[in-house]
Every structure is written in structure tokens, then in C-alpha cells.
There are 2 protein chains.
Amino acid sequence: MTIHPLSADFAAFAFTAADFRGHIPQPASCFSAGAEIYAQGEKADCLYQVEFGAVRVYRLLADGRRQIAAFHMAGEVFGFETDGTHHFFAEAIGATGIRILRLPAAGDVSRALLPLALQSLVRAQEHLLVLGRQHAPERVAAFLLDMAERQGGDNRFDLPMSRMDIADYLGLTIETVSRVFTKLKEKGVIRLASLRCVEIVRWHALREMSE
Amino acid sequence: MTIHPLSADFAAFAFTAADFRGHIPQPASCFSAGAEIYAQGEKADCLYQVEFGAVRVYRLLADGRRQIAAFHMAGEVFGFETDGTHHFFAEAIGATGIRILRLPAAGDVSRALLPLALQSLVRAQEHLLVLGRQHAPERVAAFLLDMAERQGGDNRFDLPMSRMDIADYLGLTIETVSRVFTKLKEKGVIRLASLRCVEIVRWHALREMSE
DNA sequence: CGCATTCTTGATAGTAGTCAAAACCGGTGG
DNA sequence: CCACCGGTTTTGACTACTATCAAGAATGCG
């Protein structure tokens, strides 16, 4: 997995600031937990950058099944679409600051967006492997490693999202996610300081699990 | 699903031809069935456009499990990467013509690539829903509809890939794929003129299945 | 402190995977 | 033209993983 730390994303974007001709980035808007950022079917004419907090991007099936396609953390840019229409929903997970970027659909600035879009593409494609071919313990292990890396690689980090969100991201049920967490605790691979605060004790074991 | 016909992709690309400064697109290379186009870990310094035939882009786990992240058909451009390195393998499925596009990593031409990259992104994200939340019959139904649309929307079309490829794309086994095909035949939803030639009889039933 | 929500645990059921073998197809050569 | 052969596909019997349903425990917020 190629994970760029927050600073790298910011740098990538800052690099393109000169391309804005009079387009001053808006001050960040604040979204409270569960607030909708955009909905499927809406017109897509801008991009979004997370300042703080976290975002879930998802789709629903007719019977209510939900698949979270991506989580976006501080620094990341999301909201890319092909035909000017959003194909997904985006919601703030907790209290979240979002900088809205009004961009010309096709302009000089768009060339700087390619790397950001490609990062989303690679992330999505790697997640296909997880959903298509990995078992529950492998999925959870991959998820924890990904979260740890995206938050600086420390042993301890907070999960901004609920077990339900994790389940819907990993294509599992909350019960299965919970059982895997329990197994990982029993095996001494992780510790939970609180429900949302994970400490990775045995990195090697996690890496082996996720293959 | 937003599927652009072949001509649209070509048009999108042709639009950027002026951006090539002396970079004349190579004549198409020919790959035979199973030939490797690029491998995971290789340097990625060009893009690829399918002229005829079809391509599978996939990744392997240590124990041999394979996930096909995407199929690419005539007209489509693939090979996008983030850090100059291929994260996946690409192979010709049958005899396939590929036009190799040598592109500057960051240049004027890259802004025209954004729509193509975003198409791959949206396709991948929609496939996440299939792998994460749909059952076997829904996956196969979605796959057949996608293939039909990408080949012009006729009732009859050829599958360029084997059952094994379909299984590895849908996150299933060949046995399960085969059983679903049999069920669809029994219910009169599809007919198989030959193993690789599908005729969709009841579109509506397929659409309902795939939700 | 009490309540609502979220999370965990347990029992059972169902979908898809695994293993094994038979049928089928497509190409080759007699 | 037909028989043969190798690989692919289909079918069947059984297993296993995860979902579902149902309580119960813990968390955290007012």
C-alpha cells in the first residue's frame, strides 16, 4: 500500500495553488456527525478537502445494504466524478472540517488533480482485493494497518468510525468485526484503550494476517 | 453505471492529440493469449489503449488467490499508477492489440487523462459495492449487464474471458459462477449459443437481480 | 446516575467454498 | 468426416465461514 502522509497530500495540493486564477479556496465549512456533504445524483461541480475529522463515501442498495467505498482523513481530497454527477453519498463521520474547492472542470488546475485522483484509484483497486479475496480476519488486519499508517504509524491511534462503518467498509457484519477484534485482543495482537482507541502490540502478526 | 461507448473514449483521447509534442502514438503491438503487458513492481512510464481484444488487470495474494480488478475492452485506456510503479499485473486475455502511449508524467497532456482516470475510479468504486455487498446471483447479473453494455447493448455478445477470469473478477469460484449460469439458463433469463457466447433473453429479470 | 446507543457474545442457519468426478467443447490428426 | 485428446465447464456431496437472530454487557452522554 502506498500511503502518503498528510503533509504529502497538502504539498501536492499546495503545488497547484498558483493555478487558481482568482479562485480563493473557501474557508473550511464545519459538518457535524452524520451530516451529508453530498448525495448520489447531485450535481458535482467541486472537490472537497478534509481539514479535520473524517468522511465516509458510500452507496446503498435498494434493500438498505450499504457499502462504504472509502474513508477520507485529514488532508485528503475527494469528490471526483466522471460526468458531473455524484455517484455516491458523502457524510461526515464525526465533527469534520471540509474545505470546498470550486474548480473549473477542465482547466490548468486539473492536471494537478491527476495524482490525487490516481491515489483514490489505487486505493480503490487495492480494496477490491480485500473485498474479493480476503477472509474476515485478513480484512480487519488490513484495515487496522491502513488506519495506523494513515495516522502517522504510531502504535496507538483512534478510529473515527463505528463498528458499523468498519463492517460496511469491509463487506462484513458488525458481529463479525466485533468477533475478530475480540480474537485479536485474545491473541495479544492489539489492545483497546477504549472502544475507539486501538493499540497495535504485535505489528508483525497483523502484517502476516493481512498477507 | 456510466459506460461510454468506444467512440466516446476515442474522442476523449483524440481531443488531446495536439498535446503530443512529437510524441507519435506507436502502432499497436500484438499480444497473444495470456501474454503479460506489465507486471507488478515494474516501472510505469506509459499508458496503454486496447485496440482489439481484451485485457485483465489483477493482483495475487501469496497463496495464489487472484483478484481481477478490471477488464479493459476495445477503446479503453489503462495503466494509471501513482508513484511510477505498477501495483498490478496486466495480461492479454485473448489475442489483443495494444497501442502504447508514451506520456510525460506531468505535462499538458495529463489534464486530458483525468477523465479517463476518473472513469477507472468510478468503475472500481462501483465494483466495490458488488464485491462487498452483493450475493453470487447479483454479481453475475451485474457482470453480464456490464459486458452487454460495453459491447454495444445487443442481446447477443461474446465473453472474451474464461469462467475462471469471471470468478476472479467477481470474487467467487468457478463452480459458483457455473451454477449461477445454469440457474439463469433454467429460468430462461439467458441462453448460451456457446460457452463464450451469451444471449440475454429477459433483460428486465437480469436488471432486477442486480438491483 | 440513568438511559440510549453501541458493542459483544452465543446459538443457529445459509451461502458459497472445497473436493471429486463426469460431461462437454474445441481443436487435431487420422 | 469422424475419433481422439486436453482443457474447460458442469454437476454433486460435503464442509466451513460468515450472516442472522436474539440477548446481554459496556460505553458514554445528558
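Atoms considered below: every heavy atom in the structure, side chains included; atoms not considered: hydrogens, waters and symmetry mates. Residue numbering restarts at 1 for every chain, and letters A, B, ... go by the order of the sequence lines. Fair warning: this is a prediction, and the values are worked out from it, not measured in the lab.
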| Inter-residue atom distance Glu81(B).CD - His87(B).NE2, 0.5 Å rounding | 5.5 Å

To the nearest angstrom, how far is [X] atom [atom1] from [N] atom [atom2]?
X         : N       : atom1 : atom2 : value
Lys185(A) : dC7(C)  : NZ    : P     : 12 Å
Lys183(B) : dT10(D) : NZ    : P     : 13 Å
Arg196(A) : dA26(D) : CZ    : C1'   : 14 Å
Ile174(B) : dG12(D) : CD1   : P     : 16 Å

| query | Quick one: do Asp63(A) and Arg65(A) make a salt bridge, cutoff under 4.0 Å? | reply | yes

| Are Arg66(A) and Asp165(A) ion-paired here, with the side-chain N under 4.0 Å from a carboxylate O? | yes

| field | His135(A) or Leu195(A), whichever maps to the more 5' nucleotide of DNA chain D | value | His135(A)

Can you tell me if [X] touches the phosphate of [N], counting only side-chain N or O atoms and a distance under 4.0 Å to OP1 or OP2?
X         : N       : value
Arg179(A) : dC17(D) : no
Arg139(B) : dA16(C) : no
Thr182(A) : dT9(C)  : yes
Thr176(B) : dA16(C) : no

| note | Numerically ordered, the residues 154-173 of chain A set in heavy-atom contact under 4.0 Å with DNA chain D is Gly171(A), Leu172(A), Thr173(A)

| field | Ring centers of Tyr169(A), His127(A) separated by less than 6.0 Å | value | yes

| field | Minimum-distance nucleotide to Leu192(B) side chain [options: dA22(D), dT18(D), dT10(D)] | value | dT10(D)

| Any idea which of dG10(C), dT18(D), dT10(D) is nearest the Glu175(A) side chain? | dG10(C)

| request: Select base, sugar-phosphate, or nothing to describe what Arg65(B) touches, counting heavy atoms under 4.0 Å on all strands. | output: nothing

| Phe71(B) six-ring face occupied by Arg56(B) cation (under 6.0 Å, within 45°) | no

